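We're numbering straight along the sequence, starting at 1. This is a predicted model, so every value here is computed, not measured. We use all heavy atoms of the structure for the numbers below, so side chains are in, but hydrogens, waters and symmetry mates are not.
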Amino acid sequence: MGKVKISDVAREAGVSLGTVSNALNHPEKVKPETLEHINDTIARLGFVPNQGARQLAGGQNRMFGLVLPRLDHAFSLQIANGAQSEARKHGYNLLIASAGNDDILENQYMRYFLGAQVAGVLVQPMVGRSWAPPVNKTTIPTVYLDVHCDAPGNYIAPDNEAQGRLMLDHARACGARRVSVVGRPDFMQLSLRVKGICDAARETGIELELVGKGEWNSPNDGYELGRRFADRAPEDRPDFVIALTDVLAAGIIDGIETTGLHVPADVLVAGCDGNPLAWGGPVSLTTIESPGYEIGRQGVRFLVSQISGEPAMDSYRYSVAPTLLPRMSTATSRAERKAAVTPSLDLSEYL
């Protein structure tokens, strides 16, 4: 059998070429029952649209590209889900590429999407404590996610400093006097959280200890640090521990609990990055609700605005404010502990 053409689909489905074209490019313009019939016909015949030919003929590419550094962290999954949901709302599809924490592969995926002339590109780049966007110019709208930069460009990111301030304010509201901050601030987001914590602490009488140890994704590091906190004399032990990531916080709770001390009765512990993949422990973890879904959604909204003819921007910045998610690990009263018991918590709402 020869290559199936769009005319074959139209003839087999008993509709016009224009209706098939709308089904492929503007499905919202086609009646649901007709769209289902055309899609069934496409699947039965094995028709595959020639994207290159469609673009040469003046058709618009209804595809966005999203480059993520990894798919082993809830934040990236949330970005993907938010971007996918918003893209579908506007009649676009989303291609997702995971760079596996490899900046070379990240650049290759970016070049691929740009070369494929997708309608727009979203990138969550790998960043250390500093970062700058590529210097090459492109006519395809591109927005960088979860990154802060002074260079011209389009950026959508959480307010990481505000995350730190909010968590320190929560520690103060819980009556904390000695707060330990745990984690190596090797990445921009983590270092900004530390800055926010330190700025907020200067306005209080809280004794702040910065423990620059613990890989962001290592529960074992958290476990060892938790045991060390518990082994200290009561007068030297922190009454509140802020871990820069939820993975570290979950390990710290486990480490404290294995010594015979308890969270929150003896030490209060909180995370900072709203990672539900780290919420499987016996004590529900106080953290900052992750804004990943909203960041992905806003990224697509920005791309759509640029495609729809709104004035092009040399630079665009959108910051997502943090929200506290108080749970059992920082509950200081019976009422708070009762409110924090959420056995039916649906983790999918945070993904």
Side-chain angles (χ1 to χ4, degrees), residues 60-70 75-76 78-80 82-83 86-87 90 92 94-99 101-165 185-196 199 273 290-322:
Q60 184 184 19
N61 193 328
R62 306 293 294 184
M63 193 74 67
F64 291 134
L66 169 62
V67 183
L68 299 172
R70 58 191 174 272
F75 188 76
S76 294
Q78 292 160 344
I79 286 177
E86 191 68 18
H90 294 280
Y92 288 85
L94 185 70
L95 287 176
I96 301 174
S98 174
N101 292 327
D102 185 332
D103 54 356
I104 295 177
L105 188 57
E106 174 188 296
N107 291 331
Q108 289 177 347
Y109 280 134
M110 279 193 66
R111 289 195 296 269
Y112 172 81
F113 284 141
L114 295 174
Q117 294 292 297
V118 296
V121 179
L122 303 165
V123 186
Q124 183 193 0
M126 285 185 61
V127 295
R129 296 176 74 104
S130 62
W131 176 87
V135 295
N136 53 306
K137 296 282 186 178
T138 174
T139 57
I140 295 176
T142 301
V143 58
Y144 299 97
L145 310 177
D146 190 33
V147 65
H148 303 268
C149 185
D150 294 330
N154 306 310
Y155 309 99
I156 298 175
D159 190 335
N160 299 119
E161 287 188 46
Q163 290 175 345
R165 291 193 298 270
D186 295 335
F187 298 99
M188 176 187 299
Q189 297 87 346
L190 305 187
S191 63
L192 289 173
R193 284 177 195 148
V194 172
K195 183 178 185 303
D199 289 346
D273 62 347
S290 173
Y293 188 94
E294 180 65 11
I295 286 173
R297 195 177 74 87
Q298 290 294 338
V300 168
R301 291 188 66 183
F302 172 78
L303 294 179
V304 171
S305 72
Q306 296 300 283
I307 294 167
S308 64
E310 292 189 18
M313 300 181 182
D314 291 332
S315 284
Y316 173 79
R317 285 170 173 79
Y318 185 95
S319 181
V320 181

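In this structure, Arg165 and Asp159 approach most closely via the heavy-atom pair NH2-OD2, 4.3 Å. In plain terms, the two heavy atoms of Leu68 and Ile96 that are nearest each other are CD1-CG2, 3.9 Å. Contact record, Val123 with Thr142: CG2-CG2, 4.4 Å, taken as the closest heavy-atom pair. Contact detail for Asp273 and Ser290: the closest heavy-atom pair is O-CB, 3.7 Å. Residues Ser315 and Gly153 approach most closely at OG-N, 3.0 Å, considering heavy atoms. Taking every heavy atom of both residues into account, Leu94 and Gly65 meet most closely at CD1-C, 4.4 Å.
Residues that satisfy the salt bridge (Lys or Arg N to Asp or Glu O under 4.0 Å) test with Arg70, not counting sequence neighbours, are Asp72. Listed by chain and residue number, Gln124 satisfy the side chain to side chain donor-acceptor pair (under 3.5 Å) test with Ser76 (two or more places apart in sequence, or in another chain). For the side chain to side chain donor-acceptor pair (under 3.5 Å) test, no residue two or more places apart in sequence or in another chain qualifies with Asp102. The side chain to side chain donor-acceptor pair (under 3.5 Å) check on Gln189 picks up Asp146, with sequence neighbours excluded. Listed by chain and number, the residues in a salt bridge (Lys or Arg N to Asp or Glu O under 4.0 Å) with Glu294 are Arg297 (sequence neighbours excluded). In terms of the side chain to side chain donor-acceptor pair (under 3.5 Å) criterion, residue partners of Asn160 (sequence neighbours excluded) are, by chain and number, His148, Gln163. For Ser191, the side chain to side chain contact (heavy atoms under 4.5 Å, CB included) criterion is met by Arg129, Pro185, not counting sequence neighbours.
In this structure, the separation between CD on Gln298 and CD1 on Ile295 is 9.5 Å, given to the nearest 0.5 Å. Note that the OG atom of Ser305 and the OH atom of Tyr316 stand 7.0 Å from one another [nearest 0.5 Å]. Rounding to the nearest 0.5 angstrom, the gap separating the CG atom in Asp103 from the CE atom in Met110 is 12.5 Å. Rounding to the nearest 0.5 Å gives a distance of 11.0 Å between CD of Gln78 and OH of Tyr293. Expressed to the nearest 0.5 Å, how far CD of Glu106 lies from CZ of Arg111 amounts to 10.5 Å. With rounding to the nearest 0.5 Å, the separation of CD1 in Ile140 from CD in Gln306 is 13.5 Å.
Judged by the 6.0 Å distance and 45° axis criteria, Arg317 is not positioned over the aromatic ring of Tyr155.
The ring-ring contact (aromatic ring centres under 6.0 Å, His included) analysis of residues 103-126, with sequence neighbours excluded, yields no pairs. Within the structure, salt bridge (Lys or Arg N to Asp or Glu O under 4.0 Å) contacts touching residues 187-196 (residues at least two apart or in different chains) are Glu161-Lys195, Lys195-Asp199.
Looking at Ile156 and Val147, their side chains never come closer than 4.5 Å, going by heavy atoms from C-beta outward. Side-chain contact between Phe64 and Leu303: present, with at least one pair of heavy atoms (C-beta onward) separated by less than 4.5 Å. Looking at heavy atoms from C-beta onward, Cys149 lies out of side-chain contact with Tyr144 at the 4.5 angstrom threshold. Put simply, the side chain of Leu122 does not reach to within 4.5 Å of the side chain of Val67, judged on heavy atoms. Side-chain contact check for Leu192 versus Val194: every heavy-atom pair is 4.5 Å or farther apart.
Between Phe302 and Tyr318, the ring center distance fails the sub-6.0 Å criterion.
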